[in-house]
Every structure is written in C-alpha cells, then in structure tokens.
Amino acid sequence: MHGEARGESYKGKVSVGAVMINRIESPLFPNTLTEVVYQKNAFTCVIDGQINLPPDEESYRAAFDAILGNDPTGGCLFYYNPKIATSRWMKERSAVYAVSIGNHVFSK
C-alpha cells in the first residue's frame with residue numbers, strides 16, 4: 001500500500017488498502033493478500049520495485065483501518081491516477097462508477 005499511495009492523504013492510503021481487501025473478498029481475484037498484490041501487472045509498485053520501500057507509520061495505520069473494514073471507495077476494485085495513467089481500459093471502466101480520492105480515481 002505504501003508503494004502505491006505514499007504522498008496521498010490518510011483517506012487516500014486507506015482507499016488503496018480497501019481496494020486490496022475488496023479484491024480478496026471478490027470472486028474475480030485471488031483469495032489472499034499476497035496473491036492479490038503479486039497478481040501479474042496488478043500494481044505498478046510491484047513492477048517498478050517501489051513495493052520494497054519501508055512503510056511509514058501512517059501507512060501502517062491506514063492498512064489496519066482498511067483491514068478493519070474502513071472503505072472510503074464504497075467497494076471499488078480498481079484505481080488509477082489519471083495524471084499519469086495510460087490505460088484506456090481504466091479510464092473507460094471509471095465512466096461506469098467512479099469516486100475521486102486524492103490523486104486517484106476508484107472504480108468498481
């Protein structure tokens with residue numbers, strides 16, 4: 001979560017964590033956090049190695065909040081940063097349902 005959401009607000013970090021929890025609970029994705037995080041091409045921070053950055057205290061708190069069920073996204077399974085993302089698929093997906101939190105757009 002830290003690799004994907006550092007620099008975001010606390011709510012933004014919780015939201016990224018919530019997407020991971022939502023994926024675990026969805027039949028469309030793997031059943032464990034490790035499998036969700038390391039699913040091929042799922043998260044940029046895994047691809048570019050930023051997953052290995054040491055998390056800060058706020059990221060730990062945000063992760064625990066997401067684990068406890070705090071979900072500012074309302075059940076979203078996807079997110080992207082429209083300022084840097086190049087995926088047309090993500091942009092089209094967010095046309096159906098989207099909520100903006102910080103620099104990310106979350107969609108179902």
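Positions are given from 1 along the sequence.
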I'd like to know if the side chain of Q50 pairs up with that of R6 as donor and acceptor (distance under 3.5 Å, no hydrogens or angles considered).
yes
Could you grab the distance from atom OG1 of T32 to atom CD of Q39, nearest 0.5 Å is fine?
10.0 Å
At their closest point, which heavy atom of [X] faces which heavy atom of [Y], and how far apart are they?
{"X": "S100", "Y": "V105", "result": "OG-CG2, 3.8 Å"}
{"X": "E35", "Y": "N31", "result": "OE1-N, 3.5 Å"}
{"X": "D56", "Y": "K13", "result": "OD2-NZ, 3.6 Å"}
{"X": "V99", "Y": "C76", "result": "CG1-SG, 4.3 Å"}
{"X": "R23", "Y": "F78", "result": "NH2-CD2, 3.4 Å"}
{"X": "T73", "Y": "S15", "result": "CG2-CB, 3.7 Å"}

Going through the distances and angles, do I24 and F29 end up as a side chain to side chain contact (heavy atoms under 4.5 Å, CB included)?
CA-CA 6 Å; I24 293 167; F29 293 91; over 6 Å; no
Cluster companions of Y10 among Ile, Leu, Val, Met, Phe, Trp, Tyr (side-chain spacing under 4.5 Å):
V14
Verdict with supporting geometry, F43 and I47, side chain to side chain contact (heavy atoms under 4.5 Å, CB included)
CA-CA 7 Å; F43 296 102; I47 297 166; over 6 Å; no
Group every Ile, Leu, Val, Met, Phe, Trp and Tyr by side-chain heavy-atom contacts under 4.5 Å, then state whether M1 and I67 land in the same group.
yes
Close side-chain approach of V16 to E8, heavy-atom, < 4.5 Å
no
Side chain to side chain contact (heavy atoms under 4.5 Å, CB included) evaluation trace for V37 with I51
CA-CA 9 Å; V37 169; I51 192 168; 3.5 Å; yes
K40: partners by side-chain contact (heavy atoms from CB on, under 4.5 Å), with sequence neighbours left out:
none
So Y79 and H104, would you call those rings parallel, tilted or perpendicular, with 30° and 60° as cut-offs?
perpendicular
